[in-house]
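To find a chain, count down the sequence lines: A is the first, B the second, and so on, and within it residues start at 1.
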2 protein chains.
Amino acid sequence: MTPLGYALLGLVQMQPRSGYALRKVFETTPLGGYSSSPGSIYPALKSLEKAALLVARDPSGKRGKGEYHLTAEGERLLHAWLASPIGDLGEAMLRFAFLRDDDRDATLTFLDAFLSAAESELAGLEAFLAGDGAKDLPARGRIAVEHGLRQLQASADWARWTREQYSTD
Amino acid sequence: MTPLGYALLGLVQMQPRSGYALRKVFETTPLGGYSSSPGSIYPALKSLEKAALLVARDPSGKRGKGEYHLTAEGERLLHAWLASPIGDLGEAMLRFAFLRDDDRDATLTFLDAFLSAAESELAGLEAFLAGDGAKDLPARGRIAVEHGLRQLQASADWARWTREQYSTD
DNA sequence: CCAACCATGTAAGCTGTTACATGATTGA
DNA sequence: TCAATCATGTAACAGCTTACATGGTTGG
């Protein structure tokens with residue numbers, strides 16, 4: 001399963017949509033970073049259908065092939081993904097976008113894990129700068145790494161800020 | 001040309017290196033994000049060689065195939081890339097890492113362009129949040145977009161901070 | 001001498017990009 | 001009626017990932 005696949009499952013879970021409607025979401029929102037154009041979305045939908053994670057139903061009138069719905073298996077897979085340990089921070093943000101709105105516990109757990117991951121990556125970059133590995137990079141490389149540090153700090157800040165919004169205690 | 005290709009050209013321009021040495025750089029620095037393992041690097045080197053952007057020379061002793069050097073064409077292409085207009089910010093950071101250390105003008109030009117690009121993306125995200133496009137995203141989607149805003153702000157801050165370091169006036 | 005590292009590759013498979021193709025329907 | 005948009009696809013190609021394969025050399 002690719003990120004695009006999970007994004008499609010997540011959008012369909014929010015509400016059943018046709019392939020075209022899904023395509024539009026990617027064209028008109030920042031989700032667009034995960035795809036572009038029919039050439040990726042339709043084949044991806046087809047493969048999700050073949051894997052029995054989605055089904056197309058109820059063509060209204062005779063146009064198109066109807067709207068996609070999650071199968072039980074698709075739902076299972078989506079939730080497993082949402083609950084899986086955090087690896088890549090970018091993928092984690094995609095997951096966050098599809099976390100259930102009402103599940104405060106899952107949200108807080110996620111944010112804690114996200115924060116840990118960001119802090120651990122931060123520590124890694126700092127160790128790299130402190131060590132001698134940086135000698136293989138050009139002089140500008142260190143400044144580029146500084147950019148990475150700031151990005152990770154922003155991620156960590158976001159996690160702390162968001163956590164406060166969600167914790168009622 | 002892929003980002004990996006440019007990264008290889010840039011590293012070779014810094015100093016001639018063998019395929020193995022290049023591989024090590026990717027394994028031990030944050031540049032690793034652009035590649036992984038022999039399966040991508042060696043084929044990429046081969047294609048750069050076939051395109052006459054790199055040549056392997058001077059096998060010291062009989063081990064390996066020697067070190068890669070830039071051809072005139074390779075150097076031309078690398079510099080064209082370094083000077084090209086900024087599209088993707090991630091790719092732009094890779095370029096920054098390989099900008100010539102002594103070229104203050106190019107650096108300042110780059111940083112200005114980078115800042116503009118970041119600010120323009122910021123404006124885009126803010127417009128998206130203000131508009132009605134956000135209705136297609138789940139509730140958490142807006143908070144995820146907030147993360148994107150913070151990332152772009154961090155990029156813009158980095159550019160301003162770095163610009164100050166480099167401007168002597 | 002044996003493990004670790006030097007050093008380079010190949011092959012299968014999946015995904016995504018780009019570009020093209022098709023036909024229906026709606027609004028001006 | 002003509003352009004735009006709805007709606008869905010296919011085909012060629014490039015690139016990366018994973019996994020496997022192969023030998024030489026150095027250090028303990």
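Between A:Lys24 and D:dA7 there is no side-chain N or O to OP1 or OP2 distance below 4.0 Å. At C:dT15, none of the side-chain N or O atoms of A:Ser40 fall inside 4.0 Å of OP1 or OP2 (strictly under the cut-off). Contact annotation: B:Tyr42 side-chain N/O to C:dT8 OP1/OP2 distance is under 4.0 Å. For A:Thr2 and C:dG16, the shortest distance from a side-chain N or O to OP1 or OP2 is below 4.0 Å. Of the side-chain N and O atoms in B:Lys46, none sit less than 4.0 angstrom from OP1 or OP2 of C:dT8.
In this structure, a donor-acceptor pair under 3.5 Å is present between the side chains of A:Gln13 and A:His79. Side-chain contact annotation: A:Trp158 with A:Gln153, donor-acceptor N/O pair under 3.5 Å absent.
Summarising the geometry, the separation between OH on A:Tyr68 and P on D:dT8 is reported as 7 Å, rounded to the nearest angstrom. The distance from atom NZ of A:Lys50 to atom P of C:dC14 is 9 Å, rounded to the nearest whole Å. The interatomic distance linking B:Leu45 (CG) with C:dA7 (P) rounds to 14 Å, in whole Å. Distance CZ (A:Arg23) to C1' (D:dT5): 10 Å, rounded to an integer number of Å. In this structure, OH of B:Tyr34 is placed 16 Å from C1' of D:dG15, rounded to the nearest angstrom. Atom CD in B:Glu27 sits roughly 14 Å away from atom C1' in C:dT8 (whole-Å rounding). Rounding to whole angstrom units, CG of residue B:Leu4 and C1' of D:dT17 are separated by 13 Å. Separating the CE atom of B:Met1 from the C1' atom of D:dC13 is a distance of 17 Å, rounded to the nearest angstrom.
B:Leu45 pairs in a side chain to side chain contact (heavy atoms under 4.5 Å, CB included) with only one of the listed residues (B:Leu4, B:Val12, B:Leu8), which is B:Leu8.
Taking NE2 from A:His69 and CD from A:Glu75, the interatomic distance works out to 12.5 Å, rounded to the nearest 0.5 Å.
Within the 4.0 angstrom heavy-atom criterion, only backbone atoms of the sugar-phosphate kind lie near A:Ser36; the bases stay farther away. Within the 4.0 angstrom heavy-atom criterion, only backbone atoms of the sugar-phosphate kind lie near B:Gly19; the bases stay farther away.
Nearest-nucleotide positions on DNA chain C place B:Pro38 closer to the 5' end than the other of A:Pro38 and B:Pro38.
Note on residues 106-131 of chain A: pairs passing salt bridge (charged side-chain N to carboxylate O under 4.0 Å, His left out), not counting sequence neighbours, are A:Asp112-A:Arg163, A:Glu119-A:Arg160.
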